[in-house]
Every structure is written in C-alpha cells, then in structure tokens.
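Only one structure is covered here, and it is reproduced in the block below.
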Amino acid sequence: MVIVAIEAEIWTANQAQGSEQAALQAILQCRLWELRKLGIPLQYMPINVAQVKKYAGAVKKDQILLQVFKRWGREYQDHNLADAFLVAQIAYDYGRVYDRADLEGLVKPQLEV
C-alpha cells in the first residue's frame, strides 16, 4: 500500500490563503481517488498540527526543531522542513503498524498518533 500523507489545512484569518490550501488538498484528494479507481492501493492521510506536535513530543510549536533533533538526529533550520519530516515519519510508522512490523522505538504518544 502507498500512503500519501500531507499536513492538513489550517484555517487561517487570511481567507485567500486558506481557500488556496483547501483547493490544493481537494485536487490532491480527487487525483488519489482516481488512482484508487484504477486499482492502485493507496491511502490518503491528512495529519494535523496537533498530531505533529504530539508525535514529536513537543508541547509548543517552537519545540519541534529541538525534538526532531533529539529523537531522530535530524537538524533543520526551518519549522516547515521539520514538519514535513514529521509528516513523512508518521506515514512511515503508520505503514509499519499496518504491516504489523516491529514497532520498537515508538513511544506511547507516537503509537496514539
């Protein structure tokens, strides 16, 4: 199975930006639906900001960079890159759970996400 994970849209005060993000996600979901109709086994996985923070073990958004470095040894200068890494890591670990693989190293909050 292919897992397509993307950070869920955030409803912002900026309507133009929020509408654009929602439209892009709608297009992506339509394309994925078309691929599923062709028999390609895939799953769409929207991941929200709260899940990203919980998975990283961060209470606040600004703690994510440090937690990514401490837990995975990845150093990012940009929060967006760290978030993208975490979204990919969540999808990867979800695939491990789906495949009933060894889940060693995952802590309770990660398993809950």
Side-chain angles (χ1 to χ4, degrees):
M1 174 177 52
V2 174
I3 301 169
V4 178
I6 188 168
E7 192 171 36
E9 68 272 3
I10 299 172
W11 299 107
T12 65
N14 182 337
Q15 285 184 326
Q17 182 181 4
S19 296
E20 189 174 294
Q21 290 172 350
L24 289 172
Q25 291 214 1
I27 291 168
L28 174 64
Q29 289 181 44
C30 288
R31 290 291 189 198
L32 295 174
W33 180 73
E34 291 170 355
L35 291 173
R36 274 190 240 128
K37 282 178 56 179
L38 294 173
I40 299 172
L42 53 84
Q43 180 173 345
Y44 172 66
M45 179 182 251
I47 299 171
N48 66 44
V49 175
Q51 290 172 306
V52 169
K53 287 193 309 189
K54 183 175 183 176
Y55 189 84
V59 176
K60 297 180 182 176
K61 182 80 171 157
D62 60 354
Q63 296 173 335
I64 288 179
L65 290 173
L66 177 61
Q67 291 301 324
V68 167
F69 179 73
K70 285 170 59 176
R71 292 176 186 255
W72 292 277
R74 302 286 184 120
E75 186 175 357
Y76 296 102
Q77 302 299 319
D78 182 275
H79 287 279
N80 293 321
L81 294 175
D83 288 351
F85 169 78
L86 289 169
V87 167
Q89 190 66 44
I90 291 168
Y92 171 76
D93 287 335
Y94 176 83
R96 289 174 51 202
V97 170
Y98 183 84
D99 291 339
R100 293 178 174 71
D102 180 23
L103 303 177
E104 184 178 335
L106 294 179
V107 295
K108 185 179 178 199
Q110 292 171 331
L111 290 170
E112 289 172 355
V113 171

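In this structure a side-chain-to-backbone donor-acceptor pair under 3.5 Å is missing from Arg36 to Pro41. Looking only at distances, a side-chain donor or acceptor of Gln51 sits under 3.5 Å from a matching main-chain atom of Asn48. Between the side chain of Gln29 and the main chain of Ala26, no donor-acceptor pair closer than 3.5 Å is present.
Note that CZ of Arg74 and CG of Leu86 are 10.5 Å apart. Values are rounded to the nearest 0.5 Å. In this structure, the separation between NE2 on His79 and CD1 on Ile64 is 8.0 Å, given to the nearest 0.5 Å. For the atom pair CG of Leu66 and CD of Glu75, the computed distance is 10.5 Å after rounding to the nearest 0.5 Å. For the atom pair Asp78 CG and Asp83 CG, the distance stands at 8.5 Å (nearest 0.5 Å). Atom CD1 of residue Ile3 and atom CG of residue Leu42 lie 10.0 Å apart, to the nearest 0.5 angstrom.
Note: Phe85 and Trp72 have perpendicular aromatic rings, judged against thresholds of 30 and 60 degrees for the angle between ring planes.
Between Tyr76 and Leu65, the shortest heavy-atom distance links the atoms O-CD2, 3.4 Å.
Contact check for Ile6 versus Leu28: side-chain heavy atoms found under the 4.5 Å cut-off. At least one side-chain heavy atom of Met45 sits less than 4.5 Å from a side-chain heavy atom of Ile47. Counting heavy atoms from C-beta on, the side chains of Gln43 and Val2 never come closer than 4.5 Å.
Trp33 and Leu38 are members of different hydrophobic clusters when ILVMFWY side chains are connected at heavy-atom separations under 4.5 Å.
Judged purely by distance below 3.5 Å, without hydrogens or angles, the side chains of Gln25 and Tyr44 pair a donor atom with an acceptor atom.
Residues passing the side chain to side chain contact (heavy atoms under 4.5 Å, CB included) test with Leu106 are Tyr55, Asp93, Arg96, Leu103, Gln110, Leu111, sequence neighbours excluded.
Under a 4.0 Å N-O distance rule, the pair Glu34/Arg31 qualifies as a salt bridge.
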